[in-house]
Amino acid sequence: MTSSQPNKSSTTQMPCLTTTTAPATTTTTALSSQQQQEILEKEKEAENHAYQTISCIKQILNTIRSIPQFTIQQHIRQKQQQHVQPQKQDIQAVPLYTILSSTTNKTNVPLTEEINSLSTLCNYTLQQKEQEEERAKVVYQILHPLLTSLHHWYAILDSLPSPPPTTITSRNKKQKPKAPAGILSLQDYTDIAILLEYTTSISIIQNIESGILADKEERIKKLPKSLYARLPPLSYLWTGDDTSTTTTTTSPPPRNETEKQKQVNKKKEEEQKIQRLKQAYNELYTTSTLIQKIVTLDRFKPMLLPRHLCDLYGAYFQLERFRSLLLLKGETDICDDWMMKEEHWNKLTHFYLPFTTSTTVQQHSLDTKTIASTFQTLLLPSSSSSRTNKTPKPKWLRILLSTHLSFLSIIDLSTVIDVFVNMAHN
């Protein structure tokens, strides 16, 4: 355990992140002309696909923004005409996947087809199932492939060698420096932040228990102005009439039911419950890992990681809960699959982001103060849309966090005390 203890001298007073020494960057001056040409071609290809991905993101946001049921003006108009508050069924009835899939780009190519072609280049396999819910289609066939493409191309751009330093020309004037590969505008960053927030709302929060994170209404209230104005707040409430996968509904048993029928129905309900748990597990794992990959890229980390840190840990702890429930029901396949993917997690949990593997340790390191602050936030009662009530944390989560904090206190007690004392004073 001592090998995983963070080096306190490497932490700074700046927000939240441990600074790690990046490997020396190779410049194109040390490469041959053929190698430089290959790098330029690779950069051009990655930039084209990256900008194409950004264009798809903008188109999705613009399409969602244009849906009348999501606009406040439409709801105000309905309220004035009917003298009643519009019901949430108006929002849930929106066929969002149907609307997005019928949208075309400037060259009349369907949006879903363009996203599919981009993700195929990243070796992403599109998951299509018959009789899938509208929300699941949006997640699996639009958001997941789009996030995969976003991470893939910008990871390539970030890994390319830096351009050679500018030289002085014969006229003693400096050459205009070349812009960084895949440079993004402030509007592009905002659109990516909104896409991640929207994905968190309809995928992560949809698949975790109430009380772990703030509910959707409360998250909307706390959105930064730049995000709040870009997408209608009501659109974050959309679920497509898809009931939460973490809750189960059972129909009343029929009258005059025989004992054999009771056993058959009970077994069927148990199989359906296990299936729902597996579906929630798979979606939550895929969404969380994709978001973590994006927010830990160098160009996105300072802006996006602090906002989604609690989301990632909340999702991880919920996945641990799913694992334990499935294990109790004898479903060892998904649990073994998790341990195979994340076999190093138990050694790294207190100093690294969740979903960290041995190949991403350097990029995902965190200082103990950040971890303690995140656990503290997860322990506090979650804010809800009701001003008078706060949703209590699930008992299993409090136990899990207490165990982690106890271990963290053994490693760095003073930091844990500082975090909780400052919270008490505030």
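No side-chain heavy atom of Arg307 sits under 4.5 Å from any side-chain heavy atom of Thr200. Contact annotation: the side chain of Thr239 never approaches that of Ile202 to less than 4.5 Å [non-hydrogen atoms, C-beta and beyond]. Residues Ile371 and Tyr313 are in side-chain contact: their nearest non-hydrogen atoms beyond the backbone lie under 4.5 Å apart. When side chains are defined from C-beta on, Lys329 does not count as touching Glu271, because their heavy atoms never get closer than 4.5 Å. Looking at Thr287 and Asn207, their side chains never come closer than 4.5 Å, going by heavy atoms from C-beta outward. You'll find the side chain of Tyr124 stays beyond 4.5 Å of the side chain of His152, heavy atoms only. Counting only heavy atoms from C-beta outward, the side chains of Thr368 and Val416 never approach each other to under 4.5 Å. You'll find the side chain of Leu213 reaches within 4.5 Å of the side chain of Leu378, heavy atoms only.
Remark: Arg135 engages Glu283 in a salt bridge, criterion side-chain N to carboxylate O under 4.0 Å. Electrostatic pairing of Lys301 and Asp158 does not count as a salt bridge here, judged by no charged N lying under 4.0 Å from a carboxylate O.
The two residues Tyr236 and Leu227 have their closest heavy-atom pair at OH-O, 4.2 Å. Contact between Ser288 and Ile204 at its shortest, heavy atoms only, is OG-CD1, 4.0 Å. Looking at every heavy atom in both residues, Val295 comes nearest to Leu196 through CG1-CD1, 3.8 Å. Residue Thr370 comes nearest to Thr374 through the heavy atom pair O-OG1, 2.8 Å, listed as atom of the first residue, atom of the second, then distance. Between Lys42 and Leu160, the shortest heavy-atom contact is CD-CD2, 4.0 Å. Counting all heavy atoms, side chain and backbone alike, Tyr198 lies closest to Leu231 at CD1-CD2, 3.8 Å.
Atom CG of Leu143 is separated from atom OG of Ser203 by 7.5 Å, given to the nearest 0.5 angstrom. Note that the CG atom of Leu277 and the CG atom of Leu326 stand 5.0 Å from one another [nearest 0.5 Å]. Rounded to the nearest 0.5 Å, atoms CD1 (Ile192) and CG (Leu184) are 5.0 Å apart. In this structure, the separation between NE2 on His49 and OG on Ser119 is 12.0 Å, given to the nearest 0.5 Å. Remark: Ile294 CD1 to Leu150 CG distance equals 4.5 Å, nearest 0.5 Å. In this structure, the separation between CG on Leu186 and OG on Ser226 is 7.5 Å, given to the nearest 0.5 Å.
A side-chain donor-acceptor contact under 3.5 Å links Glu134 to the backbone of Leu96. The closest donor-acceptor contact from the side chain of Ser201 to the backbone of Glu197 lies at 3.5 Å or more, if one exists at all. Between the side chain of Ser102 and the backbone N or O of Ile99, at least one donor-acceptor pair lies under 3.5 Å. Within the 3.5 Å criterion, the main-chain N or O of Pro68 finds a donor-acceptor partner in the side chain of Thr71. Although no hydrogens or angles enter the test, the distance criterion places a donor-acceptor pair under 3.5 Å between the side chain of Arg299 and the main chain of Gly182. For Asn116 (side chain) and Thr112 (main-chain N/O), no donor-acceptor pair under 3.5 Å exists by modelled atom type. Between the side chain of Gln376 and the main chain of Val419, a donor-acceptor pair closer than 3.5 Å is present. Under a 3.5 Å cut-off, the side chain of Glu43 and the backbone N or O of Ile156 do not form any donor-acceptor pair. A donor-acceptor pair under 3.5 Å is absent between the side-chain atoms of Ser149 and the main chain of Pro145, judged by distance alone. With hydrogens and angles ignored, the 3.5 Å screen pairs no side-chain donor or acceptor of Glu209 with any backbone N or O of Gln318.
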- Task: Given ring-ring contact (aromatic ring centres under 6.0 Å, His included), test Phe300 with His308 step by step and report yes or no.
- Result: CA-CA 12 Å; Phe300 300 132; His308 291 283; over 10 Å; no

- Applying side-chain contact (heavy atoms from CB on, under 4.5 Å), run through Ile64 and Trp238 and close with a yes or a no. CA-CA 11 Å; Ile64 295 176; Trp238 178 85; over 6 Å; no

- Query: Gln52 and Trp153: side chain to side chain donor-acceptor pair (under 3.5 Å), yes or no, with the steps?
  - Reply: CA-CA 10 Å; Gln52 189 179 357; Trp153 299 116; over 6 Å; no

- Checking side-chain contact (heavy atoms from CB on, under 4.5 Å) for the pair Ile274/Leu325: CA distance, chi angles, key distance, verdict? CA-CA 9 Å; Ile274 292 174; Leu325 292 175; over 6 Å; no

- Query: Checking side-chain contact (heavy atoms from CB on, under 4.5 Å) for the pair Leu146/Cys56: CA distance, chi angles, key distance, verdict?
  - Reply: CA-CA 8 Å; Leu146 197 58; Cys56 289; 3.9 Å; yes

- Item | Check against side-chain contact (heavy atoms from CB on, under 4.5 Å), His151 and Leu290 | CA-CA 8 Å; His151 168 262; Leu290 282 173; 5.8 Å; no

- Report the C-alpha separation of Arg323 and Glu320 in whole Å, then their side-chain angles, then the decisive distance to 0.1 Å, and conclude whether the salt bridge (charged side-chain N to carboxylate O under 4.0 Å, His left out) test is met. CA-CA 5 Å; Arg323 281 186 54 218; Glu320 284 288 288; 2.7 Å; yes

- Message: With side chain to side chain donor-acceptor pair (under 3.5 Å) as the criterion, how do Gln187 and Asp191 come out once you've worked through the C-alpha distance, each side chain's angles and the decisive distance to 0.1 Å?
- Response: CA-CA 6 Å; Gln187 184 63 61; Asp191 290 340; 3.1 Å; yes

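Within a 6.0 Å radius of NZ in Lys58, other residues, nucleotides and ligands contribute more than 12 heavy atoms.
Between the side chains of Asp418 and Thr415, not a single donor N or O lies within less than 3.5 Å of an accepting N or O. Inspection of the Thr190 and Asp188 side chains reveals no N or O donor paired with an N or O acceptor under 3.5 Å.
Between His144 and Tyr140, the angle of the ring planes goes over 60°, which puts this pair in the perpendicular group of the 30/60° scheme.
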